Structure formats: C-alpha cells, structure tokens
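To keep things clear, I will list the structure first and then write my remarks on it.
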Amino acid sequence: MSDVVKEFNDYRSKMNDKILSDNNKIVKRIFNLDTNAFAPGALDEKTKELLGLVASTVLRCDDCIKYHLETAYKEGITKAEVSETLGIATLVGGTIVIPHLRRAHEYWEALENSDFVSPSN
C-alpha cells in the first residue's frame, strides 16, 4: 500500500478511536449521521460520494477529500468521473481550491498505485 494512503488511514483510524472513546454523545451522533447520510437511498452511493467530493473540495478539507476519493475508488468510480467532479468543484469553489485539486489528483494517483483496494468494477 502506498505510504501516503496507509499513513492517512492509520492516523484517521487512531484519532477516530480516541475521539469516540471520549463517549461524547454529540460527536457520536454526528459520526453516525455522516455514515447514514452516505448509505444508499434515493441517490446511490456513487453519486453521494461524488457530491461529498465536490462539497469537501469547495470547503477545502483535504482529509475529507481523501476520504471521499478512497470511497469513490472502492465504489469503482473512474478517474475520468473523478476529474469531471473535481472540475465542477473547482468551478463552484473558484481558484482558491486549486491547491486542493492538486493534492486530490496526487492522492488519486497514490490510490491507483497502491494495494489499498481493488475497484469494484
């Protein structure tokens, strides 16, 4: 697995465990709401991940971008679909998101070059 992908997942897992061990009801509910929001419903998971990627890019949250890229990769979303989605995010967010766009492309490339997960397609 690519070091950058492994490092992100290890850190995210470790810190989520620490945060959730505080047993804060509000935080636990927010985590649960986030999980449930991306479950299949009227929109499929693929569409929701792409929407999440746009929102995360516009909000300039690199951790969130990585998370949505990984989930998109697991869902079998193609590089072309990710590129188009990031293009829309850049249009909506403006040039201020370009550094995040660079890091998103770099992370997608790391996913493609890792043994993290095989796309479902």
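In what follows, residues are counted from 1 in the order of the sequence shown. The shown structure was predicted, so the numbers you read here are calculated from the model rather than taken from an experiment.
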Would you say the side chains of N32 and T35 form a donor-acceptor pair under 3.5 Å?
no

For a 4.5 angstrom cut-off between non-hydrogen side-chain atoms, does E45 reach T71?
no

Once salt bridge (charged side-chain N to carboxylate O under 4.0 Å, His left out) is applied, do any residues pair with D34, and if so which ones, sequence neighbours excluded?
none

Smallest heavy-atom separation, V4 atom then A110 atom, equals CG1-CB, 3.4 Å

Under 6.0 Å between ring centres: does that hold for Y107 and H68?
no

Does the side chain of N24 come within less than 4.5 Å of I19's, by heavy atoms?
no

Side-chain heavy-atom pair P40, K48 within 4.5 angstrom cut-off
no

To the nearest 0.5 Å, tell me how far C61 SG sits from K66 NZ.
10.0 Å

Member of L69, I77, V58 meeting the side-chain contact (heavy atoms from CB on, under 4.5 Å) criterion with L53:
L69

Identify the heavy atoms of P99 and T95 that sit nearest to each other, and give their distance.
CD-O, 4.2 Å

Of all heavy-atom pairs linking L86 and A104, the shortest is CD1-CB, 3.8 Å

Show your reasoning for whether side chain to side chain contact (heavy atoms under 4.5 Å, CB included) applies to L111 and E70.
CA-CA 7 Å; L111 288 167; E70 284 189 18; 3.6 Å; yes

Could you give all pairs that pass the salt bridge (Lys or Arg N to Asp or Glu O under 4.0 Å) test and reach residues 86-113, with sequence neighbours left out?
D62-R103

Looking at K6, R12, K14, which hits side chain to side chain donor-acceptor pair (under 3.5 Å) with D10?
K6

Of the non-hydrogen atoms in L20 and K28, which two are nearest, and what is the gap between them?
O-CE, 3.4 Å

Within a strict 4.5 Å, meaning less than it, do heavy atoms of the N9 and V5 side chains meet?
yes

For A89 against V97, the heavy-atom pair lying closest together:
O-CG2, 4.2 Å

Side-chain heavy atoms of I96 within contact of R60, under 4.5 Å
yes

Side chain to side chain contact (heavy atoms under 4.5 Å, CB included) for L43 and L51? Distances and angles first, verdict last.
CA-CA 10 Å; L43 297 174; L51 289 169; 3.8 Å; yes

For the residue pair Y73 and V82, establish whether any side-chain heavy-atom pair is separated by less than 4.5 Å.
no

When clusters are formed by joining ILVMFWY residues with side-chain heavy atoms under 4.5 Å apart, either directly or through shared neighbours, do W108 and F8 land in the same one?
yes

Donor-acceptor contact present, side-chain S83 to main-chain A80, <3.5 Å
no

Does this structure show an ion pair linking E49 with K74, if we count only N-O contacts that are shorter than 4.0 Å?
no

Is atom CZ of F31 surrounded by more than 12 heavy atoms (other residues, nucleotides or ligands) closer than 6.0 Å?
yes

